[in-house]
Amino acid sequence: MIDFLKETALMAGALVKAGRERLSADAIHAKGTPTDMVTDIDREVEKFIVTRVRERYPDHGFIGEEYGASAAEREYCWIIDPIDGTTSFIHDFPFYAVSIAIYRNGKPFAGAVFAPAMNEFFLAESGKGAFLNGRAIHVSGCAKLGESLLGTGFVCVRAGIKPDNFDYLPAIAYATQGFRRCGAASLGLCYVAAGRFEAYWELLLNIYDIAAGALIVQEAGGQVTDLRGGGAYPAKGILASNGLIHEPMLDFFREKK
Ligand code: 2AM
Ligand code: CA
């Protein structure tokens with residue numbers, strides 16, 4: 001099943017990449033609000049993944065961003081974001097990825113995140129470690145906030161949540177080496193797993209944005225919680241870190257209770 005997951009994510013990524021090359025204005029649509037975008041490619045790629053998995057595993061369930069849930073209570077459930085970072089995809093900013101997780105009995109079993117424009121393929125299987133392009137990866141050993149580079153995102157601003165990430169950001173930016181915003185949660189998480197970021201946080205996301213990336217972080221030796229240190233992520237935000245700066249990061253969010 002892991003080989004099949006790998007193959008499926010690679011094929012989906014190739015479709016995303018080819019889709020980017022032929023993307024035209026009439027293939028770009030607003031979903032609910034003018035800033036919540038989807039393209040025909042998102043839909044085609046999710047359809048491709050679900051059709052392929054269904055042919056191979058007819059008794060598996062699905063949760064996908066574009067077509068929702070079907071038989072999600074089955075032993076195996078595929079959690080799919082065909083393009084994480086659609087806004088970046090539309091603008092040809094290369095930080096977008098196919099994100100596919102497999103849950104078994106409600107628990108993460110495997111995860112794949114493939115960024116085709118950068119040819120980076122992240123993969124993890126529960127209990128078996130995390131890999132980037134076939135090589136084992138591990139979270140960083142940096143324990144100092146002042147030497148940490150962080151990743152984050154700002155979906156909360158569009159959603160009108162208060163306090164939003166602009167309320168938290170100044171204190172975090174002053175205390176660390178800086179932050180990057182790549183516009184795809186799955187990649188922010190994978191960059192923690194690869195030791196590029198010491199931590200990544202977001203205030204609001206959906207399960208398909210983070211299911212694969214969260215397992216990849218854990219399998220790389222990192223820690224994932226909500227913003228209060230509990231397990232209710234992504235509903236109560238998500239903080240993924242190398243473990244060493246997890247507590248000091250949580251303090252930034254506790255202060256704003
Ligand atoms: P998407 O591109 O698949 O929509 C950006 O910080 C991250 O937030 C991306 O992973 C993006 O995923 C996600 N995102 C965008 N709109 C969102 C929404 N309305 N709810 C939750 N996550 C969203
Ligand atoms: Ca998406």
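Atoms within a ligand are numbered from 1 in the order they appear, just like the ligands themselves. The figures here come from the full heavy-atom set of this structure, side chains too, leaving out hydrogens, waters and symmetry mates. Note that the numbering runs from 1 along the sequence shown for the chain.
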Q. Is the Phe4-Tyr57 ring centre distance short of 6.0 angstrom?
A. yes
For residues 106-119, which side-chain N or O atoms pair as donor and acceptor with protein atoms under 3.5 Å away, sequence neighbours left out?
none

**Q.** Atom of Asp81 nearest the Ca ion (ligand 2) (restricted to N/O/S, atom name only)
**A.** OD1
Q: Sequence neighbours left out, what passes side-chain hydrogen bond (donor to acceptor under 3.5 Å, both in side chains) with Arg43? Give chain and number order.
A: none
Q | Metal proximity, Val38 vs the Ca ion (ligand 2), N/O/S cut-off 3.0 Å | A | no
Q) Looking at Phe121 versus Phe131, is the centre-to-centre ring distance below 6.0 Å? A) no
Q: Check salt bridge (charged side-chain N to carboxylate O under 4.0 Å, His left out) between Glu46 and all other residues, then give those that pass, not counting sequence neighbours.
A: none
Q. With respect to the Ca ion (ligand 2), what is the nearest N, O or S atom of Glu65?
A. OE1
Q.
Pair Glu125, Lys6 - check salt bridge (Lys or Arg N to Asp or Glu O under 4.0 Å), show working.
A. CA-CA 11 Å; Glu125 185 181 349; Lys6 212 181 334 183; over 6 Å; no
Ligand 1 N/O to protein N/O, distances under 3.5 Å:
from: ligand 1; atom 1: 2 (O); to: Gly85; atom 2: N; distance (Å): 2.6
from: ligand 1; atom 1: 2 (O); to: Thr86; atom 2: N; distance (Å): 2.9
from: ligand 1; atom 1: 3 (O); to: Glu65; atom 2: OE1; distance (Å): 3.1
from: ligand 1; atom 1: 3 (O); to: Asp81; atom 2: OD2; distance (Å): 2.9
from: ligand 1; atom 1: 3 (O); to: Ile83; atom 2: O; distance (Å): 3.2
from: ligand 1; atom 1: 3 (O); to: Asp84; atom 2: OD1; distance (Å): 3.3
from: ligand 1; atom 1: 6 (O); to: Glu202; atom 2: OE2; distance (Å): 2.6
from: ligand 1; atom 1: 10 (O); to: Asp84; atom 2: OD1; distance (Å): 2.5
from: ligand 1; atom 1: 10 (O); to: Asp84; atom 2: OD2; distance (Å): 3.4
from: ligand 1; atom 1: 10 (O); to: Ala185; atom 2: N; distance (Å): 2.9
from: ligand 1; atom 1: 12 (O); to: Asp84; atom 2: OD1; distance (Å): 2.9
from: ligand 1; atom 1: 12 (O); to: Asp209; atom 2: OD1; distance (Å): 3.3
from: ligand 1; atom 1: 20 (N); to: Asn206; atom 2: ND2; distance (Å): 3.3
from: ligand 1; atom 1: 22 (N); to: Asp209; atom 2: OD2; distance (Å): 3.1

Q: Measure from the ring center of Tyr168 to the ring center of Phe253 and say whether it is less than 6.0 Å.
A: yes
